[in-house]
Amino acid sequence: QHTVLVWFPCMYLWSCGPLYLVYLWFTGQGGISLTSLCCAKTVSVCLLAVCVIQWERMKGCRSSVLLFLFWTLTVVCSLVPLRANIQQIIEEGFFTDAMRFIAFFVYFSLQLTQLILSCFSDQRPSTDTHTYKKNPCPVEDASFLSKMLFWWFGGLVIRGYRTPLQAEDLWCLREEDSSDCIIADLEKDWARECSKLQQKECSLSGCRPTGPKLTEQTQLLKKLRQEQNSGFCLFRVLARSFGPFFLKGILFLIFHDVFMFSIPQVLSLLLGFMRDQDSDLWKGFMFALLLFLLSSLQSLFNHQYMYSCFTVGMRVKTAVMGLVYRKSLVISSAARQSCTVGEIVNLVSADTQKLMDMVVYFNAVWVAPIEIALCLFFLWQRLGPSALAGIATVILIFPLNGFIAKMRSKLQVIQMRYTDSRIKLMNEILSGIKILKFYAWEQAFLERVLGYREKELNALKRSQVLYSISIASFNSSSFLVTFAMFGVYVLIDDKNILDAQKVFVSMALINILKTPLSQLPFAMSTTMQAIVSLRRLGKFLCQDELKPDDVDREPYSPDGDGVVIDSGTFGWSKEGPPCLMRINVRVKKGSLVAVVGHVGSGKSSLLSAMLGETEKRSGRVSVKGSVAYVPQQAWIQNATLKDNIVFGQERKESWYHRVVEACALLPDLEILPAGDGTEIGEKGLNLSGGQKQRVSLARAVYRKADVYLLDDPLSAVDAHVGQHIFERVFGPKGLLKDQTRVLVTHGLSFLPQADLILVMVEGEITEMGSYLELMARDGAFAEFIRLFAGNERKERSHRGEERWNTLNRLQPPGDKAAISDTEDQEQEDVGKLTEADKANTGRVKLEMYVEYFRTIGLALIIPIVVLYAFQQAASLAYNYWLSVWADDPIINGTQIDTDLKLGVFGALGFAQGVSIFGTTVAISLGGIIASRHLHLDLLNNVLRSPMAFFEVTPSGNLLNRFSKEVDAIDCMIPDGVKMMLGYLFKLLEVCIIVLVAMPFAGVILLPLTLLYAFIQSFYVATSCQLRRLEAVSRSPIYTHFNETVQGASVIRAFSEQQRFILQANGRVDHNQTAYFPRFVATRWLAVNLEFLGNLLVLAAATLAVMGRDTLSPGIVGLAVSHSLQAPWTIEGSMLPLAWPTHGTIELEEYGLQYRKGLDWALKGISLSIQEKEKVGIVGRTGAGKSSLALGIFRILEAAKGEIYIDGINIAQIGLHALRSRITIIPQDPVLFSGSLRMNLDPFDGYSDEEVWRALELSHLKSFVSGLPDKLNHECSEGGENLSLGQRQLVCLARALLRKTKILVLDEATAAVDLETDNLIQSTIRTQFDDCTVLTIAHRLNTIMDYTRVIVMDRGLITEMDSPSNLISERGQFYLMCREAGLV
């Protein structure tokens, strides 16, 4: 009392103080000004403490760990003298030694004051620059105690309980958790590791003997080793960056283990006290208090460890997402073919999650064996050599689980492969949904997705059965160890007695053993899964990159050549034939160069070579000044029209208006609901092909670059619009007259104005010179020009200007737009199109749970509940049986009927093991059944949604549902159900045991249960909302990734990588602001609930001490050891088979709106089209040409009137039946990844002969015959390994195969050259002679021999007759023909 208790706190301070001061010296954060709190702490303190306080103030330490622990120790050590002094005053009176009593009470009051003051944090250091945040994270201002107990989180919990949390309620991300801070150094480190790895591989491949080509097996082994090396490199980089913080977590884990192993020792002392009737009562209370303190400290350190692990996991996720995003911006074209958008999305969703799981559970791989060894050591102390039986049992369990972990790792690789394929296919379906709907191919693609899904679930099912064996063996391990040890112990010698102390201290140790034994298979499994993910990520991050030095980018100079290629040979990959050979080009500054050639001759590849997008095999490429690029297929961002044009540049109004006018966008701005503030859907969903191309062109023109690379930007626009753009933009008087322009074109009318023409044939430049020079040479070019001389003027013909696709949001899915003349739309929403993923509020509705369990079915739910109840009953029975055994009287130094007791104990334990395996398998299978049903429902609903749904829903939201959310349903929900049922039944068991042992405990159990429910209700309200906010903020990440990967070449050409990286960082950080409080909420709940659990321990132990005369040690052991385990954390009309047989179409007062409240797209049209009639539809932008096509295919539903095909109202037949019996050749040629045959005939409904015949008629036979795999040629994602013209011909082949009675051509020859267009038109005339053909005219000369022409304007038919009659009437059609030079 006067020596140890006085000196112990001082010894702690003097021994730890110097080390702490050195630590502060190296981690200074700037000084804190002298505050009232600091002054109060300084008053009346011992000398060293004053020095520490002042040194902390100078170094910016706001809350001292050292001093808090010092004052805690001081107060705790003073409690004994305090009790002694109070007792003395009671017995002898105050005035016997008044001065000593006053001095002691003043001294104790100051100690208590210091302890209270050290619970608060001082103000921020004066040098802290990050003080002014809108909503800073309170952990930055929290004191040591607040951090340990997670009190700093309480404010958010209370706010979440009062009102549902919104995104603005969340705290700002701490600087050390932000993307900028994490990725800056990590990126450099990874670049160094990559270069080392490449050098190592070069040296290895260099020292190999050069002989015949490497065998397939050797190549495979080399590939596997590269994957392993890259995965290991990534792990090393992550370890270097996050290792120190992770080690801090390990320190918490060590403290946790120390306290955990101290508990059985104190329990042993308590049970010894219960047996010894003569020992002092204060010892019993001290042991009870000690049990409570140790349990509380164990809980605190465990959750600090988990908090640090989750923080590291969060940072790892940010780091990996950042690296993957940056890589996707520099990945080479060849590597891009093998890494689809779906796979990249899977890397940032599923694989990052696997890494985060590993961070949390990795330590168990090495800590668990140590914990097992310690448990067995302490058991040896209790039971002697019998503990060896336990060791033998553990040794037998380990190889089994090692084998299971290895098998599950292989199954996970298979599962992930199918998941990748499924996500990749879903991404393509979402990208080409319009084509699927036009062709009624939903069912074929649904079956493909379900094929992958079934294989994925089969792998998962096998993995889950193996996991169930693993779980059952580990959960039964504590029983098996107990049975083996106790059995051997009592059977080797009759004198070996099992008393309460031996039984329940051993049981407490075995319960500790249960944790590492159950964690180990999970840790091994997550580590194996993380290794697979690390290899996948490493493989992607080590893919070949575009070489910046392939193109010499020189600063702009007014003289010399703008673009130079000397002896250039280029390929799309390192292997394989080159796409360009012997290229020699010199483009003079300010000149206009035209590139011409047939479909697939290498025109686009030439521009790619200038951009550095191809693999340069030889030669030199030089570009002077900045570059702007217009791709053949316009890449449009999901942003406003204005943002798409300005593209990150400062908006200059006068220049902006000049650009918009030059690119012929002014008429479009008048039609758009909110002008240039209208939001454009993903991939320009609500723009027509020509509008997208003009926006893409305007983006380039606005840039004011030095070199312009233009890949056929006029293919999708009208001839008169094309002429306008050429004159105002590219021509000698255009906005770009002084810039270097390389223009790929099929428009012959522009060629005389070009300074240089390059003629390309099969990847080579065959002719080069000005128009006059080439004509004078009389070569292939001159012959081609003369052949199409009749068409040369007609090329200026009216190119059935782009369609006005879907101006704005369509009506919501399932709703038919009612006829409405009122405009009920709010002005600010006019330009809005996509709807952000919104978070629901409040608790998860009961119907959700009911729906989930309904899909599992009662046939599985009832056995699960019964098995769980049986499992827990068996557990309770064998534990109670042990307590009865322990209380058995000892007769002549032995216990009777030990064999019977051992037999009953074994039977009960075995029954529990079997029921554990049964419940785990049943829940896993139930989860897979539910997952299969929910995924099928989701897929069906998505594929059956109208086009409106896809225009307002970003694809990232849907990809998020199909990747992350489906993964959660597959794995997380069944695991959650297992945990919930396990905890619920365990809790019931603990309560029953404590109440049976001590009925008085009911007085404590009731308020504890109420408190438990109260804390839980606070947590659930906040946690549900945080989970929703986190899930909602995840979708924009995937949308942005998707958009970036598809537009990477444009982003690189404009050198906008840094801006996109910043946008990606912002989205990841926004997601992490919800993720961080989400995992802290779990820790907050656990700390509070475990504190309640520890109060139960204290109550059970205290009641045991108070009733030691009436309670047996066996019952006390059972009650206390179980209270220590309390889990407080917890379609149809029948159509004629050959319909339509004639192909007649009738429209009666047909009206169409894109959305309720918007202008009518078609205004009461009445029209009758006869059998075999050929009808051309012409009109300006927004006239309603495409709306008519959309109405016939019911992509948009009628707002009024009807359409009849062969006398049948199309509104009364199924969409699939309608769309599969009529055909469209769309403007945008969409191909899906898979074989060429699959793209032509996904249902396998035609023979190979029919397919080859269709290819021959569509002029693709020679091209396909030349491919190594012919019809099985693998098309890459979006058909990127075919040129745009070839893709358009594939769409023609589809129509030729289907050969339906009605054919709609929607500007179907926009991307092909004149010669190919003529061939296509002749094919359509001959092959579709007995069909009804509707052509939304592209070139007017193509429809001059049609039976009728319909002229549309503003949703009405203004003229309709044969072309000759319309010309003679000299109306609108005559003006168009005159303009096109046809009359």
Side-chain angles (χ1 to χ4, degrees), residues 350 357 400-401 403-419 422 449-476 518 521-522 524-526 528-529 848-872 874 910-940 962-986:
D357 291 345
L400 169 72
N401 284 280
F403 171 73
I404 289 171
K406 197 173 179 182
M407 290 286 289
R408 287 192 74 217
S409 174
K410 287 178 182 173
L411 285 168
Q412 194 224 345
V413 175
I414 296 164
Q415 187 195 335
M416 291 303 282
R417 192 161 62 233
Y418 291 130
T419 307
R422 178 172 60 81
V449 173
L450 293 180
Y452 287 130
R453 179 72 179 147
E454 205 53 45
K455 288 171 183 171
E456 184 188 347
L457 288 177
N458 280 337
L460 181 66
K461 191 189 291 179
R462 286 158 64 196
S463 176
Q464 291 288 23
V465 171
L466 286 169
Y467 188 49
S468 300
I469 298 168
S470 184
I471 291 286
S473 69
F474 273 108
N475 280 0
S476 304
S518 61
F522 190 69
M524 285 160 71
S525 170
T526 50
M528 290 293 185
Q529 288 177 349
M848 292 290 187
Y849 294 111
V850 171
E851 179 62 25
Y852 182 75
F853 289 116
R854 190 184 60 78
T855 54
I856 295 172
L858 272 175
L860 257 174
I861 291 168
I862 293 167
I864 287 167
V865 175
V866 170
L867 278 166
Y868 256 109
F870 180 73
Q871 172 190 325
Q872 224 58 50
F910 179 74
Q912 187 200 15
V914 170
S915 56
I916 289 170
F917 174 72
T919 51
T920 316
V921 168
I923 289 175
S924 299
L925 293 178
I928 288 167
I929 290 166
S931 185
R932 184 186 277 119
H933 277 287
L934 292 168
H935 177 266
L936 181 61
D937 289 349
L938 173 67
L939 188 59
N940 271 322
F962 281 101
S963 56
K964 182 79 179 177
E965 312 286 0
V966 168
D967 185 50
I969 293 167
D970 285 352
C971 307
M972 287 164 70
I973 293 177
D975 285 347
V977 171
K978 281 178 213 163
M979 281 172 70
M980 182 198 74
L981 288 170
Y983 284 142
L984 184 67
F985 282 100
K986 186 71 190 172

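From a predicted model like this one, the values you see are computed outputs, not experimental measurements.
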Peer 1: Restricting to salt bridge (Lys or Arg N to Asp or Glu O under 4.0 Å), what partner residues turn up for Arg854, sequence neighbours left out?
Peer 2: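 By the salt bridge (Lys or Arg N to Asp or Glu O under 4.0 Å) rule, Arg854 matches Glu851.
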Peer 1: Work out which heavy atom in Ala472 is nearest to a heavy atom in Ile916; give both atom names and the distance.
Peer 2: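 Heavy atoms only, the tightest pair is CA-CG2, 3.7 Å.
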Peer 1: Can you tell me how far apart NZ (Lys455) and CD (Gln415) are? Round to the nearest 0.5 Å.
Peer 2: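 Nearest 0.5 Å value for the NZ-CD distance: 14.5 Å.
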Peer 1: If only atom types and distance count, is the side chain of Asp967 paired as donor or acceptor with the main-chain N or O of Ser963 below 3.5 Å?
Peer 2: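 Answer holds: no.
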Peer 1: Using a 4.5 Å cut-off on heavy atoms from C-beta on, say whether the side chain of Gln464 contacts that of Leu925.
Peer 2: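 They are not in side-chain contact.
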Peer 1: For His933, which residues count as a ring-ring contact (aromatic ring centres under 6.0 Å, His included) partner, sequence neighbours excluded?
Peer 2: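 ring-ring contact (aromatic ring centres under 6.0 Å, His included) list for His933, sorted by chain: empty.
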Peer 1: If you take all heavy atoms of Ser931 and Leu457, which pair is closest and at what distance?
Peer 2: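 What the structure gives for the nearest pair is OG-CD2, 4.4 Å.
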Peer 1: Could I get the full list of side-chain hydrogen bond (donor to acceptor under 3.5 Å, both in side chains) partners for Gln412, not counting sequence neighbours?
Peer 2: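 Once residues adjacent in sequence are excluded, Gln412 has no partner under the side-chain hydrogen bond (donor to acceptor under 3.5 Å, both in side chains) criterion.
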Peer 1: Could you check whether any side-chain N or O of Ser924 sits under 3.5 Å from a backbone N or O of Thr920, counting only pairs where one atom can act as donor and the other as acceptor?
Peer 2: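 Yes, the answer is positive, given that a donor and an acceptor are paired below the 3.5 Å cut-off.
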Peer 1: What pairs of donor and acceptor atoms, side-chain ones from residues 861-871 against any protein atom, are under 3.5 angstrom apart with sequence neighbours left out?
Peer 2:
residue	atom	partner	partner atom	Å
Tyr868	OH	Lys978	O	3.1
Gln871	OE1	Thr919	OG1	3.4

Peer 1: Rounded to the nearest 0.5 Å, what separation is found between the NZ atom of Lys461 and the CD1 atom of Ile928?
Peer 2: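 Reported to 0.5 Å precision, the distance equals 6.5 Å.
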Peer 1: Supply the atom-to-atom distance Arg422 CZ to Tyr418 OH, rounded to the nearest 0.5 angstrom.
Peer 2: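 Result: 13.5 Å between the selected atoms.
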Peer 1: So which heavy atom on Ile856 is nearest to which on Ala930, and how close?
Peer 2: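 Result for this residue pair: CG1-CB, 3.7 Å.
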Peer 1: Nearest 0.5 angstrom please: Arg932 CZ to Leu450 CG, how far?
Peer 2: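 Arg932 atom CZ to Leu450 atom CG measures 10.0 Å (nearest 0.5 Å).
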Peer 1: Name all residues meeting the salt bridge (Lys or Arg N to Asp or Glu O under 4.0 Å) criterion together with Asp970; count only those two or more places apart in sequence or in a different chain, and write none if there are none.
Peer 2: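 Asp970 satisfies salt bridge (Lys or Arg N to Asp or Glu O under 4.0 Å) with Arg453 only.
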Peer 1: To the nearest 0.5 Å, what is the distance between CG (Leu466) and NZ (Lys410)?
Peer 2: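 Nearest 0.5 Å value for the CG-NZ distance: 11.5 Å.
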Peer 1: Please identify each residue that fulfils salt bridge (Lys or Arg N to Asp or Glu O under 4.0 Å) with Arg408, with sequence neighbours left out.
Peer 2: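 Once residues adjacent in sequence are excluded, Arg408 has no partner under the salt bridge (Lys or Arg N to Asp or Glu O under 4.0 Å) criterion.
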Peer 1: Evaluate the side-chain proximity of Phe962 to His935: yes if any heavy-atom separation is below 4.5 Å, no if none is.
Peer 2: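 In contact.
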Peer 1: Looking at CD1 of Ile404 and OG of Ser409, how far apart are the two atoms once the value is rounded to the nearest 0.5 Å?
Peer 2: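 The OG atom of Ser409 is 13.5 Å from CD1 of Ile404, to the nearest 0.5 Å.
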